[in-house]
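Okay, so here's the structure we're looking at.
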Amino acid sequence: MFLASELPAGTGVGFKPEHFRDIVAARQPLVFFEVHAENYMGAGGPPHAQLGKLCEDYALSLHGVGLSIGSMGPLDREHLARLRALCERYRPESFSEHLAWSSHGEVYYNDLLPLPYTEETLARVAGHIDEVQTELGRRMLLENPSTYVRFAESTIPEVEFLREVSGRTGCGLLLDVNNVFVQAKNHGTDALGYLENFPLDRVGEIHLGGHDEQTDDAGAPLLIDAHGTRVADPVWALYQQVIRRTGPVATLIEWDNDVPDWPTLRAEAEAAQAILERASRASAA
Amino acid sequence: MFGPIQNTFALALLDPQRPVPGALVSHTASPPAKRFAVYRNNVVVGLVNALAKRFPAVQRIVGEEFFAAMARVFVIENPPRSPVLMFYGDDFLDFIASFEPAAELPYLADVARLEAARTRAYHAAEAKPLDPAILQSLDKAALGEIRIVPHPSAEIVRSKFPIVTIWAMNAGEIELAPIEDWSGEDALVVRPALEVEVRALPAGGAAFLSALFAGAPLAAAAGTALGESADFDLAANLAGLIGAGAVTKVFLANLQKDEMP
């Protein structure tokens, strides 16, 4: 029997230590915090003291960035053991990771790197997710990526790939709406079409974050998933459309770089909360 | 087959001489050089930033631009072996010591050594420091045979340079000013509660603590310290050690650790 990944259907933010004092000074209008698992893999110290305190009042989403599920090589068993220890220590409501790779051979590259979508990689990713879920004794959520390049060998559309991974492993999905927008712009595809096909019934959490805009070799827009600004207006619009279809879903504001003051970050979460509340009134009506 | 492509992709991330992997495409331009450059940049800048976060005083001393250039060389030669980046750069100090452009700052590697010890202390396991009152209750006749259990966060950093003062000035602990007494300083780094503390040790102190931390009994550790410095003051050093919270237990050599008070 696997534990489910079940966050309460409200809003949360990615926790940054610089906000700790502001957060604990008052009850915040949030239901959960999310942390990057790798930042809590020391034995003790202030990170654990702060996380322990947050867990007294809020649900926790443990979000991994270093498991490298998209590697063709084996998963790092030591890292998986560290994740299991963290899950046992904090009993998070959710554990999630990315459809990406970040390690190869001995080296950790500290970035979410892309993979082609083929029968070969599908089998590999599904196998890795089975291994993670067995080790952690819980279902995980898998996040859709933002990418800057594609692979000539890809044969399966990304949404179908995610649907199939979820179907084979029973894992849920983490829908990053900013990534959907970035992905569509970067590859000249249609974000609405992507969301229309997305298996929304599998979604256990939504991510919203900001992106930067650059240009590629041809001068075409190239959006960077930078998490250093407010959520862009077209991403809010996509989010509203998703929520109209799903009803309230746990929603996270990610702001990892150029971190703003607490009131600014909280205001972003409140904007998401307002959308969730409208959806909940609509479904009650 | 993605395996060989993944390998080519990975190797090209840290080696700008390698071409953009041929398996990559985009709907606009081919090869997608600027697109692949985003990954190269993310990897290197992300790791440089991880080092800057761990070595802020080193960065302050050399400036952001010099630090980034130095860290970039290190990152490419010594990428991390683990996704737990809080401990990335344990060998950055050896790199700094042999980094030619930083040769004018011979103390830089030791400041890095101190900062590396501070991060380890920050993330070390919790343990309750020994109550200083316990010293009064010990049998004076047996004092010389007493051994200690160091706090999990405690480390000694020795230097020929005034690293505690240099670090404190560049960590915003004290005002920047010319250093009048340019002599070596040894540091005790310890986190008895939530704050990491850095203390400059008195004469012979580092030899004394290093011996104690390695398991030597008190009398032998004091002997080692006296051999290094005739000014070594046992009572003051012992009180300083316990007062700093760097000891969690004391025990007599013939007893097991778990029989201790």
Side-chain angles (χ1 to χ4, degrees), chain A residues 37-50 64-68 70-73 76 78-79 82 101-116 118 120-121 124 147-154 186-189 214-220 222 224 226 257, chain B residues 1-7 9-11 13-14 20-47 49-50 75 78-88 119-127 152-153 191 193-196:
Chain A
E38 286 72 13
N39 292 339
Y40 295 84
M41 289 182 172
H48 288 292
Q50 292 181 346
V65 297
L67 196 52
S68 205
S71 277
M72 293 309 283
D76 178 346
E78 258 179 68
H79 196 58
R82 286 191 286 262
W101 56 284
S102 50
S103 295
H104 180 70
E106 298 264 283
V107 175
Y108 173 63
Y109 291 95
N110 188 38
D111 195 21
L112 299 168
L113 301 161
L115 58 147
T118 64
E120 182 203 22
T121 59
R124 195 71 187 148
T147 63
Y148 311 117
V149 296
R150 284 194 155 162
F151 292 84
E153 68 171 318
S154 276
N186 286 354
H187 302 298
T189 55
Q214 298 181 6
T215 53
D216 76 355
D217 305 85
L222 181 64
I224 311 295
N257 298 301
Chain B
M1 295 287 284
F2 181 46
I5 295 172
Q6 191 160 45
N7 194 49
F9 193 120
L11 291 174
L13 285 170
L14 290 175
V20 174
L24 302 183
V25 295
S26 84
H27 71 293
T28 58
S30 195
K34 276 183 83 174
R35 289 166 174 260
F36 188 67
V38 174
Y39 292 113
R40 281 179 161 149
N41 186 62
N42 281 354
V43 169
V44 174
V45 171
L47 293 173
N49 287 345
V75 159
N78 309 274
R81 260 53 187 172
S82 159
V84 186
L85 284 185
M86 63 184 72
F87 301 121
Y88 178 48
T119 339
R120 284 191 292 271
Y122 186 81
H123 293 292
E126 311 305 321
S153 67
R191 182 178 58 78
L194 287 177
E195 297 279 328
V196 179

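All heavy atoms count here, side chains included; hydrogens, waters and symmetry mates do not. In what follows, chains carry the letters A, B, and so on, assigned in the order in which the sequence lines appear, proteins first and then strands, with residues in each chain numbered from 1. A quick note: this is a predicted structure, and the numbers were derived from the prediction, not measured.
With sequence neighbours excluded, the residues that form a ring-ring contact (aromatic ring centres under 6.0 Å, His included) with B:F36 are B:F9. Under the side-chain contact (heavy atoms from CB on, under 4.5 Å) criterion, B:A29 pairs with A:D217, A:A218, not counting sequence neighbours.
The two atoms that bring B:V84 and A:M41 nearest to each other are CG2-SD, 3.8 Å, heavy atoms only. Contact record, A:A152 with B:V25: N-CG2, 3.9 Å, taken as the closest heavy-atom pair.
Neither the backbone nor the side chain of B:P152 comes within contact range of chain A, judged by heavy atoms closer than 4.5 Å. Both the backbone and the side chain of B:R81 come within contact range of chain A, each with at least one heavy atom under 4.5 Å from a heavy atom of that chain. Contact of A:L112 with chain B is made through the backbone alone, with heavy-atom distances under 4.5 Å. Only the side chain of A:A49 comes within contact range of chain B, with heavy atoms under 4.5 Å apart. Both the backbone and the side chain of A:T147 have a heavy atom closer than 4.5 Å to some heavy atom of chain B. Heavy-atom distances place both the backbone and the side chain of B:N7 under 4.5 Å from chain A. Heavy atoms of A:E106 lying under 4.5 Å from chain B belong to its backbone as well as its side chain. For B:L194, the parts lying under 4.5 angstrom from a heavy atom of chain A are both the backbone and the side chain. In this structure, the portions of B:L47 lying under 4.5 Å from any heavy atom of chain A include both its backbone and its side chain.
Although no hydrogens or angles enter the test, the distance criterion places a donor-acceptor pair under 3.5 Å between the side chain of B:Y39 and the main chain of A:Y148. Using a distance-only test at 3.5 Å, with no hydrogens or angles considered, no donor-acceptor pair links the side chain of B:Q6 to the main chain of A:G73. Of the possible polar contacts, one joining the B:R35 side chain to the A:N186 backbone as a donor-acceptor pair under 3.5 Å is found.
Interatomic distance, B:N42 CG to A:L113 CG, rounded to the nearest 0.5 Å: 8.5 Å. Rounded to the nearest 0.5 angstrom, A:R150 CZ and B:H27 NE2 are separated by 8.5 Å. The CG atom of B:N49 lies 8.0 Å from the CG atom of A:N257; values are rounded to the nearest 0.5 Å. Between the OH atom in A:Y109 and the CZ atom in B:R40 there is a gap of 11.5 Å [rounded to 0.5 Å]. The CD atom of A:E78 sits 8.0 Å away from atom OG of B:S82, with the distance rounded to the nearest 0.5 Å.
For an aromatic pair to be called close, the ring centres must be under 6.0 Å apart, and A:Y108 with B:Y88 fails this.
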A:E153/B:I5 under side-chain contact (heavy atoms from CB on, under 4.5 Å): CA gap, chis, key distance, verdict
CA-CA 10 Å; A:E153 68 171 318; B:I5 295 172; 3.1 Å; yes

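Contact of the A:H104 side chain with the B:L13 side chain is not registered, since no non-hydrogen atoms from C-beta on lie closer than 4.5 Å. Between A:F151 and B:L24, the closest side-chain pair of non-hydrogen atoms falls below 4.5 Å. Counting heavy atoms from C-beta on, the side chains of B:F2 and A:T118 never come closer than 4.5 Å.
Interface summary for chain A: among B:R120, B:H123, B:R191, the most heavy-atom pairs under 4.5 angstrom belong to B:H123. Contact count versus chain B (heavy atoms, under 4.5 Å) is highest, among A:S71, A:S102, A:S154, for A:S71. Contacts with chain A were tallied for B:G22, B:A23, B:P31; B:A23 has the most, counting heavy-atom pairs under 4.5 Å. No other option in B:A50, B:A193, B:P79, B:A33 has as many heavy-atom pairs under 4.5 Å with chain A as B:A33. Chain A forms more heavy-atom pairs under 4.5 Å with one residue of B:A125, B:G3, B:A10 than with any other, namely B:A10. Each of A:R82, A:H48, A:H187 has some count of heavy-atom pairs under 4.5 Å with chain B, and the biggest count is that of A:H187.
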